[in-house]
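Some notes on the structure that comes next.
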Amino acid sequence: MGAIAAGLQAGRKRIARACHVAGRQAGTVTLLAVSKTFPEEDVRAAHAAGQFAFGESYLQEALVKQESLADLPLEWHFIGPIQSNKTRPIAEHFSWVHGVDRLKIAQRLSEARPQALPPLNICIQINVSGEISKHGVDPSAAILLAQEVVSLPRLRLRGFMAIPKPCSDIEQQRGQFAPLRKLLAQARDMNLDTLSMGMSDDLEAAIMEGATLVRIGTAIFGRRSYSCE
Ligand SMILES: *Cc1c(COP(=O)(O)O)cnc(C)c1O
């Protein structure tokens, strides 16, 4: 078995074990393979090992990769920071956008989503680490933003996403994910179904706090030679 197939298998095992510990059904957590910085061949290897959903953070890189992989039935998620002048290509080339944190961005995605495609799936990014992060909406403002986004055409609001500051203590990790669990409960009447949280180093804590989609890069593809931010 190749390294990527082995990484995927290990990732799936970690997810299944964490679901078991959390008392959740296996299969309630989707694995998003984060392929940013990795070449087309690595995505092909992951697909050959049964992976369909891939996450990318850099638009230019993603568009080139998508074109060379157009022969495969893949589902693409944009997980990077969104510049407002890049909303059109994002709305045209992805199934999901995870980092929406302003109404303006959601409106532009809504206007640019082609009629021929199904609604664009959206997660609202929550700032769970306070002043050290410039991305994400404050938890106290999240429900209001969700109410505005949910009414936009061509979008389907699915839930919330977070990128907490790295820490190695699992209780601290859980503490950073907990606000999203509360938000999902508060937004009950909006029919949301997604908490996009957990990466290679904290997916167990995220699953304990209700993650339904974990975004895993390093544990599948190996170390990136340049960092994401
Ligand atoms: C890079 C990235 C990931 C993957 O992180 P790993 O630690 O490599 O698993 C997940 N989510 C986002 C938003 C990222 O930018």
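Counting starts at 1 for both ligands and their atoms, following the listed order.
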inquiry  = Tell me whether Val34 has any N or O atom under 3.5 angstrom from an N or O of ligand 1.
reply    = no
ask   = Out of Thr218, Thr37, Ile79, whose heavy atom is nearest to atom 12 (C) of ligand 1?
value = Ile79
message = In this structure, does ligand 1 have an atom that sits under 4.0 Å from one of the heavy atoms of Ile216?
response = yes
task = Indicate, as side chain, backbone, both or neither, the part of Ser57 found under 4.0 angstrom from ligand 1 when only non-hydrogen atoms are considered.
result = side chain
ask   = Are side-chain N/O atoms of Arg224 and Thr37 paired as donor and acceptor at under 3.5 Å?
value = no
key: His98 and ligand 1 - part of the residue with a heavy-atom distance under 4.0 Å   = neither
key: Shortest non-hydrogen contact from Ala142 toward Ile126   = CB-CD1, 3.5 Å
request  = From atom 11 (N) of ligand 1, work out which of Gln125, Arg215, His77, Arg223 has a heavy atom at the shortest distance.
outcome  = Arg215
request  = Take Glu40 and Lys65, measure what salt bridge (Lys or Arg N to Asp or Glu O under 4.0 Å) needs, and give me the verdict at the end.
outcome  = CA-CA 6 Å; Glu40 175 201 335; Lys65 222 179 277 181; over 6 Å; no
task = Heavy-atom contacts with Gly217 under 4.0 Å: which atoms of ligand 1 show up? List them by number with element.
result = 4 (C), 6 (P), 8 (O), 9 (O)
inquiry  = Please work out, at 4.0 Å between heavy atoms, whether the side chain, the backbone, both, or neither of Ile163 comes within that distance of ligand 1.
reply    = side chain
task = State which residues pass side chain to side chain contact (heavy atoms under 4.5 Å, CB included) with Ala162; sequence neighbours excluded, sorted by chain then number.
result = Val128, Leu180
ask   = Could you give the distance from CG (Leu145) to CG (Asp138), rounded to the nearest 0.5 Å?
value = 11.5 Å
ask   = For the side chain of Lys36 and the backbone of Ala62, is there at least one donor-acceptor N/O pair under 3.5 Å apart?
value = no
inquiry  = Please state which option from Lys36, Met197, Met161 has its nearest heavy atom closest to atom 2 (C) of ligand 1.
reply    = Lys36
Could you give the side-chain donor-acceptor pairs of residues 114-125 under 3.5 Å, partners two or more places apart or in another chain?
from: Asn121; atom 1: OD1; to: Arg158; atom 2: NH1; distance (Å): 2.9
from: Asn121; atom 1: ND2; to: Ser95; atom 2: O; distance (Å): 3.2

